[in-house]
Amino acid sequence: MTIDLGDLLYIVIALIPGFIVESIARRFIPHAKRDHTFTLFSFIVYSILCYIPPFVFAFHCLYDIFVHRADDLYTFLCAAIAVLVLWPVVAAFIFVYLSKWGFFNWLQSVFHVKVDELPLKNPPIWYLRFLELSYESGRYVTVTLKNGTVINGRYDTNSYASKSLEIRDLYIEAIYDEEWHEIPDTDGIYINGDEIVSIEFNYGQTENEVLP
């Protein structure tokens with residue numbers, strides 16, 4: 001089967017918005033390693049989502065430009081750049097903002113769909129456990145390291161656990177002292193997965209509830 005230049009051009013146009021959104025999102029949102037098939041699937045999904053708003057809310061305008069006024073090169077190029085480049089950039093930052101805000105975690109919990117599991121063929125138990133916490137209102141954890149250091153913290157929407165099968169790194173957004181008082185003026189703590197011996201998950205949702 002051969003693909004002529006016209007078909008190839010249509011394929012490229014179809015994937016450009018998805019490529020832009022995926023590229024920007026990867027810079028701001030932690031992600032797991034993905035195979036080429038899933039990456040291509042992401043391009044397609046993002047492209048479809050990017051094309052929906054312009055053609056729903058500005059269909060008649062775009063139809064007039066791309067069909068009836070195609071000979072007006074300046075207008076045609078401006079509209080094409082707006083649809084293929086500018087809008088996907090805006091959509092990407094909207095996506096990043098909603099993701100940081102926790103909107104997609106909330107959406108997945110409402111529909112009981114764990115989309116984050118899809119990139120991994122065999123998700124490690126480590127990742128699945130923290131994925132479950134992302135659907136809840138946070139959880140207090142106690143991390144014990146190989147050198148005996150004990151770290152109390154809160155794993156919440158701005159915390160991250162590695163999705164990799166080889167790496168077990170952890171970022172906890174808030175840390176606490178031995179009496180479970182939050183340590184001020186900190187921006188969380190990164191913990192090297194190779195140094196972790198165990199992690200205790202506390203059901204308490206407030207500082208007083210996790211105290212002995």
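- Residue pairs meeting the salt bridge (charged side-chain N to carboxylate O under 4.0 Å, His left out) criterion with at least one partner in residues 43-68, sequence neighbours excluded, are Asp64-Arg69.
- Under the 4.5 Å side-chain heavy-atom criterion for ILVMFWY residues, a single connected hydrophobic cluster contains both Phe201 and Leu170.
- Atom CG of Asp177 is surrounded by more than 12 heavy atoms from other residues, nucleotides or ligands within 6.0 Å.
- By the side chain to side chain donor-acceptor pair (under 3.5 Å) test, Asp169 is found to be paired with Tyr190, residues two or more places apart in sequence or in another chain being considered.
- No side-chain heavy atom of Glu173 sits under 4.5 Å from any side-chain heavy atom of Tyr155.
- Proximity of Phe43 to Ile48: side-chain heavy atoms (C-beta onward) are nowhere separated by under 4.5 Å.
- Val83 and Ile81 fall within the same hydrophobic cluster, defined by Ile, Leu, Val, Met, Phe, Trp and Tyr side-chain heavy atoms under 4.5 Å apart, directly or through other members.
- Every pair tested for salt bridge (charged side-chain N to carboxylate O under 4.0 Å, His left out) that includes a residue from residues 78-94 fails, sequence neighbours excluded, so the list is empty.
- In this structure, Leu62 and Pro54 have side chains that are in contact, with non-hydrogen atoms separated by less than 4.5 Å.
- Checking side-chain atoms of Ser47 against main-chain N and O of Ala14 turns up a donor-acceptor pair under 3.5 Å.
- In this structure, the ring of Tyr46 has its center less than 6.0 angstrom from the ring center of Phe95.
- Remark: Tyr51 OH to Phe55 CZ distance equals 7.0 Å, nearest 0.5 Å.
- Counting heavy atoms from C-beta on, the side chains of Trp87 and Pro17 never come closer than 4.5 Å.
- By the neighbour-count criterion of 12 heavy atoms within 6.0 Å, atom CZ of Phe19 is sparsely surrounded, having that number or fewer from other residues, nucleotides or ligands.
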Worksheet item: Step by step, would you call Ile191 with Ile172 a side-chain contact (heavy atoms from CB on, under 4.5 Å)?
Response: CA-CA 8 Å; Ile191 304 175; Ile172 301 175; 4.0 Å; yes
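- In this structure, the side chains of Leu145 and Ile196 come closer than 4.5 Å at one or more pairs of heavy atoms.
- Without hydrogens or angle criteria, Glu195 side chain to Lys146 main chain gives no donor-acceptor distance under 3.5 Å.
- Contact annotation: the side chain of Arg139 never approaches that of Arg154 to less than 4.5 Å [non-hydrogen atoms, C-beta and beyond].
- Taking the side chain as every heavy atom from C-beta outward, Val21 and Val89 never approach each other to under 4.5 Å.
- Centroid-to-centroid, the aromatic rings of Tyr176 and Tyr140 come within less than 6.0 Å.
- Using a 4.5 Å cut-off between side-chain heavy atoms of Ile, Leu, Val, Met, Phe, Trp and Tyr, with links allowed through other members, Ile65 and Ile13 fall into the same hydrophobic cluster.
- Under a 3.5 Å cut-off, the side chain of Thr75 and the backbone N or O of Asp72 do not form any donor-acceptor pair.
- Residue Val90 is grouped with residue Tyr97 when hydrophobic side chains (ILVMFWY) are merged at heavy-atom distances under 4.5 angstrom, including chains of intermediate members.
- Interatomic distance, CD1 of Ile175 versus OG1 of Thr186, reported as 4.5 Å (0.5 Å rounding).
- There is a path of hydrophobic side-chain contacts, each under 4.5 Å, that joins Ile183 to Val141.
- For the pair Thr142 (side chain) and Asn152 (backbone), a donor-acceptor distance under 3.5 Å is absent.
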